[in-house]
2 protein chains.
Amino acid sequence: MTETDHDELLDHLREAAGCSGLAVRKAARAVGQLYDDALAPAGIKGTQFSLLAAVGLTSKTSVSALADSLVMDRTTLSRNLQPLVRAGLLKMAPGRDRRERRVALTEEGRSTLRTALPLWRQAQARIADALGEGRAARLRGDLAWLARSVLVKS
Amino acid sequence: MTETDHDELLDHLREAAGCSGLAVRKAARAVGQLYDDALAPAGIKGTQFSLLAAVGLTSKTSVSALADSLVMDRTTLSRNLQPLVRAGLLKMAPGRDRRERRVALTEEGRSTLRTALPLWRQAQARIADALGEGRAARLRGDLAWLARSVLVKS
DNA sequence: TGGCAGTATATGTATATGCATCTAATTGAG
DNA sequence: CTCAATTAGATGCATATACATATACTGCCA
């Protein structure tokens, strides 16, 4: 490898520092911390809050349908449900098929959500404070658009 | 629980569907897939590409310094380095301290990066296509701002 | 100089993530 | 009606993620 090759690689790496994927993951880590900290008194993580809320919004969904709505692999969701079922916040019931399993909140799950909601609102407000409400809303829109377009194309 | 309580919970959950944390994680999953698919011929994931590039940009960093620059927990980075060291793309060398360990690319790591760079550029271009170059750049800026503000505050 | 506070990294445990693959159940073509 | 293709979900494996804690080392102060 010559000196020139090495300098050229450095230039390319500087370009790669502007990676959109890295920007999204960095933000996801930082923001994840914020929500996790805020929700800790309720005993759940940000990921689990979203999952409980998604189940609560769509009564008795199948695992696959839920996974699609969360832009998540079915098998990932299948595993993510387990800690919440174990904790008694979610329950699984048989669906129309004998293959299908429907997910629903337990009473304890609803109770946890009620505890978590004001905590979540605080975290959400911190995000809005950091960016301003307008930029925060625009950001959510761009992220949603991005998730949708990327999936459609592949 | 009364009917009214239940309806009220539903209203709150509809509000929670606008969670910024969820929006970021959804996008991170979708975008992660895109980069992973694009980089597959190089034998690395998007996360690993970013890690190799970050190491290449800062010659001989400590683990902690690298973790900070990636908005990542030190212990997470410690583990994420292992597969890349095992694969021969990174090497660890002693630092000034006998506690510190410095991370550097191997020749094979540089070679892998050269293979990966055009693949990465394709994925990056797909993102720009999906949003338009201007919005994509703005999005990266907002995400970086968000990551920075959230960290500073806590 | 001896020990303690602080620093750098690694490890134990738990969740999150996805691909390849497996099992079970359903559906559809012949 | 039978069997292959499809569908729903779970599991094996590997990586990603972070907190609590352990380990090793450094530096400072009494």
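In what follows, chains carry the letters A, B, and so on, assigned in the order in which the sequence lines appear, proteins first and then strands, with residues in each chain numbered from 1.
Taking the side chain of A:Gln33 as heavy atoms from C-beta on, and the options D:dC19, D:dT6, D:dA16, the nearest nucleotide is D:dC19.
In this structure, A:Glu100 places its CD atom 11 Å from P of D:dA10, rounding to the nearest Å. Look at CZ on B:Arg101: it is 15 Å from P on D:dT26, rounded to the nearest Å. Straight-line distance from the CZ atom of B:Arg29 to the P atom of C:dA16: 10 Å, rounded to whole Å. Counting to the nearest Å, the P atom of C:dT27 and the CG atom of A:Asp97 are 6 Å from each other. Atom pair B:Arg96:CZ and D:dT26:P shows a separation of 11 Å (rounding to whole Å applied). If you measure from atom CG of A:Asp73 to atom C1' of C:dT15, you get 16 Å, rounded to the nearest angstrom.
Note on A:Thr75: every side-chain N or O is 4.0 Å or more away from OP1 and OP2 of D:dT11. Between A:Gln48 and the phosphate of C:dA16, there is a side-chain N or O to OP1/OP2 separation shorter than 4.0 Å.
In B:Arg14, the CZ atom is crowded: over 12 heavy atoms of neighbouring residues, nucleotides or ligands sit closer than 6.0 Å. Counting non-hydrogen atoms of neighbouring residues, nucleotides and ligands closer than 6.0 angstrom, the CZ atom of B:Arg121 exceeds 12 such neighbours.
A cation-pi arrangement is found for A:Arg135 relative to B:Trp145, the charged atom lying closer than 6.0 Å to the ring centre and inside a 45° cone about the ring normal.
Across the interface with DNA chain C, nearest-nucleotide mapping of B:Asp36 and A:Arg74 shows B:Asp36 to be the residue nearer the 5′ end.
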